[in-house]
Novice: 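Have a look at this one.
Below, each value reflects all heavy atoms present in this structure, side chains not excepted, and no hydrogens, waters or symmetry copies. No experiment lies behind these values; they were computed from the predicted model shown. Along the sequence shown, residues carry numbers from 1.
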Amino acid sequence: MNYKKLFKRETKVIAYVVIALTLIVIGTSYALFLQVNNNRDNQVVTAGSLVIEYAKGNVVTVDENAENNCLMPQSDMTGSSTGGCNFTLSVTNKGTLPMQYDLLIYDNATEAPSDAQFVNHSLVRHSLNKQYSEEGANSEIVTNAKALSELELKEDKRILESSVIDVGETITFSLNVWISEEATVDIIGQYVYLKLDVVGSVYEGTNAASLLINDTKNVNLKEISLPTTYNSVSAQKEYRYIGENPNNYVYFNCKDVNSIDTCELWRIVGISGDNLKIVRDKQEVEKAFNESESSNFDTSTIKKYLNDEYYNSLNEEAKSYIQMYSYKTKGVSSLEINAFEMLGEEVSQDGSSFVNVGLLSASDYAFASSINNEESLNSLSNVNSNNWLYTSKNEWLINIFENTVYSVNEVGNIALSSPLETKLIRPVVYLNRDVSIVKGDGTKTNPYILSK
């Protein structure tokens, strides 16, 4: 979605609300009980653009004599399923801009007795699930079983969840809290007296490249050690997505910018500096690389198609996201080299083409199985099962050598082909540095949504 005009028009809104989740541990045995403010009704709190609702009120009733007291020390398996104290709240964005929010939890010392001793956060365990409002959206496990002490601190509060909520979207959170089974009798008489904060502000976007690189869950995005042939002045960090099916899906070129159902599925190949490199997920067009015998990309049939006919078919928003880029076209005679060696050849500056739309390079395809892949380019079929770019179809790559062009064949190896041959093409583009990700987790069912 494109919120650029709205960002210019709207002033920044800060939403802050305290949601009372008060858990008090008292007593002389492990028959611990939970007590909160006496309000069992549905509650709604409005804070700026965010509307927070306690679907079941803010009271969780626990019988201190119950056999399965929800704060009784228990295993993670029990606490995160049926045993813990459950609290449900929903957050809805009623504004006109996407909102960045933090769901925070902390000891509420101001309302606890002055002499209260709090149970150490290493013994207070929790799980957190969230459900998006979109039809068919799956419940997402944010935390399965973790001590509060393991959460990142924001000032004196711990961050349960930090993300972006889109305009009109509702996210429902289900929080379970329990005491670790490793707790001893020393905690008797101590307090678990917690509160939740939902803190939000207008989402102004983080550079997509930075967000992906710093996302600790993004385990399939790997950095490449740059070849020595890179000019030291222009050297920039390079990353590639690897593996069988990484979470690198992204919506792009939407026919209706207000409806994701009209968007095409693309995938992020990797990151060069601050630029995302993305490839169309589908191969739909077959063409000769060149209708003459020349393998020169700059004068090829395929370059003309990609940068005239195909580029002009994209909508204006998609075009505004694309940055012209120098695609490395150099190839070599021997395919008995690995991905790293191929990258070294590509960045040697002997061959490049400055265009809006290009193709995958040989190193792109080879790195997709593993950054440390030692297989030679003509033996990559050995790692097909771990290469998300493998499709069992013949397709063109952008590298050229003399009168031949690199391609991927049906079995997954890279080969040299005549430019007169007909093969499938997958368009590739680099995105502007100011592109940000406002939503999604990169899975095929929940692709990243871009903004700028």
Side-chain angles (χ1 to χ4, degrees), residues 18-40 52 54-91 102-109 111-113 116-131 139-154 156-162 171-198:
V18 175
I19 303 172
L21 167 58
T22 309
L23 306 149
I24 305 177
V25 179
I26 64 176
T28 58
S29 71
Y30 275 146
L32 309 174
F33 69 91
L34 175 142
Q35 175 183 333
V36 298
N37 300 329
N38 295 322
N39 187 331
R40 300 175 186 276
I52 297 90
Y54 318 78
K56 301 176 182 177
N58 68 347
V59 172
V60 180
T61 303
V62 181
D63 183 351
E64 62 176 307
N65 298 312
E67 181 180 352
N68 296 318
N69 187 298
C70 71
L71 276 180
M72 177 73 73
Q74 54 199 282
S75 69
D76 287 346
M77 181 177 295
T78 301
S80 61
S81 56
T82 58
C85 299
N86 179 261
F87 190 78
T88 303
L89 70 145
S90 64
V91 180
D102 292 322
L103 179 59
L104 307 171
I105 192 167
Y106 63 102
D107 288 325
N108 186 22
E111 294 185 22
Q117 288 186 311
F118 293 95
V119 174
N120 191 292
H121 281 182
S122 65
L123 297 174
V124 182
R125 309 285 289 176
H126 78 287
S127 65
L128 180 67
N129 288 10
K130 68 178 181 180
Q131 173 74 49
S139 176
E140 178 182 337
I141 298 175
V142 179
T143 304
N144 187 27
K146 181 181 287 188
L148 293 185
S149 60
E150 297 179 65
L151 297 174
E152 181 183 348
L153 278 170
K154 185 174 185 177
D156 60 342
K157 301 172 183 178
R158 298 190 181 274
I159 304 173
L160 282 168
E161 161 76 347
S162 181
I171 301 176
T172 301
F173 295 95
S174 178
L175 173 68
N176 267 33
V177 179
W178 67 95
I179 300 296
S180 169
E181 62 182 346
E182 296 180 1
T184 67
V185 294
D186 295 338
I187 70 167
I188 292 174
Q190 295 181 358
Y191 286 73
V192 175
Y193 203 128
L194 300 169
K195 276 200 172 182
L196 294 175
D197 287 353
V198 177

Novice: Could you tell me the separation between the OG atom of S81 and the CG atom of N144, rounded to the nearest 0.5 Å?
Specialist: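 Spacing of OG (S81) from CG (N144) equals 9.5 Å.
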Novice: How long is the gap from CD1 on I179 to CD1 on I187, to the nearest 0.5 Å?
Specialist: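 Result: 5.0 Å between the selected atoms.
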Novice: Do you know which two heavy atoms are closest between S122 and A147, and how far apart they sit?
Specialist: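 So the minimum-distance heavy-atom pair works out to O-CB, 3.6 Å.
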Novice: Would you give the length of the straight line joining atom OG1 of T184 to atom CG of L123, rounded to the nearest 0.5 angstrom?
Specialist: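 T184 atom OG1 to L123 atom CG measures 7.5 Å (nearest 0.5 Å).
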Novice: Enter the distance from Y106:OH to R158:CZ here, rounded to the nearest 0.5 Å.
Specialist: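 These two atoms lie 14.0 Å from each other.
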Novice: Minimum heavy-atom separation for L153 and D156, please, with both atom names.
Specialist: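 Closest approach of L153 to D156: CD2-C, 4.2 Å.
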Novice: List in chain and number order the residues that pass side-chain contact (heavy atoms from CB on, under 4.5 Å) with I159, two or more places apart in sequence or in another chain; answer none if no residue qualifies.
Specialist: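 Checked I159 against side-chain contact (heavy atoms from CB on, under 4.5 Å); matches are L104, E152, K154, S162.
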Novice: The criterion is side-chain contact (heavy atoms from CB on, under 4.5 Å); which residues satisfy it with Q117, sequence neighbours excluded?
Specialist: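 Residues passing side-chain contact (heavy atoms from CB on, under 4.5 Å) with Q117: Q190.
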Novice: Write down the atom of T172, the atom of S90, and the distance for their closest heavy-atom approach.
Specialist: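 Closest approach of T172 to S90, heavy atoms only: OG1-CB, 3.7 Å.
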Novice: Using every non-hydrogen atom in the two residues, find where V91 and F173 come nearest and quote the distance to one decimal.
Specialist: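 Heavy atoms of V91 and F173 come nearest at CG2-CE1, 3.9 Å.
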Novice: Looking at E150, I'd like to know if its CD atom is crowded, meaning that more than 12 non-hydrogen atoms belonging to other residues, nucleotides or ligands lie closer than 6.0 Å.
Specialist: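 For E150, atom CD is crowded (more than 12 foreign heavy atoms under 6.0 Å).
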Novice: Decide yes or no for F87 and L196: does some side-chain heavy atom of the first lie under 4.5 Å from some side-chain heavy atom of the second?
Specialist: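 Side chain of F87 against side chain of L196, heavy atoms only: contact under 4.5 Å found.
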Novice: What's the spacing between Q74 CD and R125 CZ if we round to 0.5 Å?
Specialist: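 Q74 atom CD to R125 atom CZ measures 11.5 Å (nearest 0.5 Å).
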Novice: How long is the straight-line distance from CG of L103 back to NZ of K157, given to the nearest 0.5 Å?
Specialist: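 Between K157 NZ and L103 CG, I get 11.5 Å after rounding to 0.5 Å.
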Novice: Shortest non-hydrogen contact from P73 to S180?
Specialist: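 Reported closest heavy-atom pair: CB-O, 3.5 Å.
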Novice: Kindly give the heavy-atom pair with the smallest separation between S127 and W178, and that separation in Å.
Specialist: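 Reported closest heavy-atom pair: N-CZ3, 3.5 Å.
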Novice: Checking the side chain of N129 only, and the main-chain atoms of S174 only, is there a donor and an acceptor separated by less than 3.5 Å?
Specialist: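 No, the answer is negative, given that no donor and acceptor are paired below the 3.5 Å cut-off.
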Novice: I'd like to know if the side chain of H126 reaches the main chain of K146, judged simply by a donor and an acceptor atom lying under 3.5 Å from each other, with no hydrogens or angles considered.
Specialist: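 Yes; at least one donor-acceptor contact below 3.5 Å.
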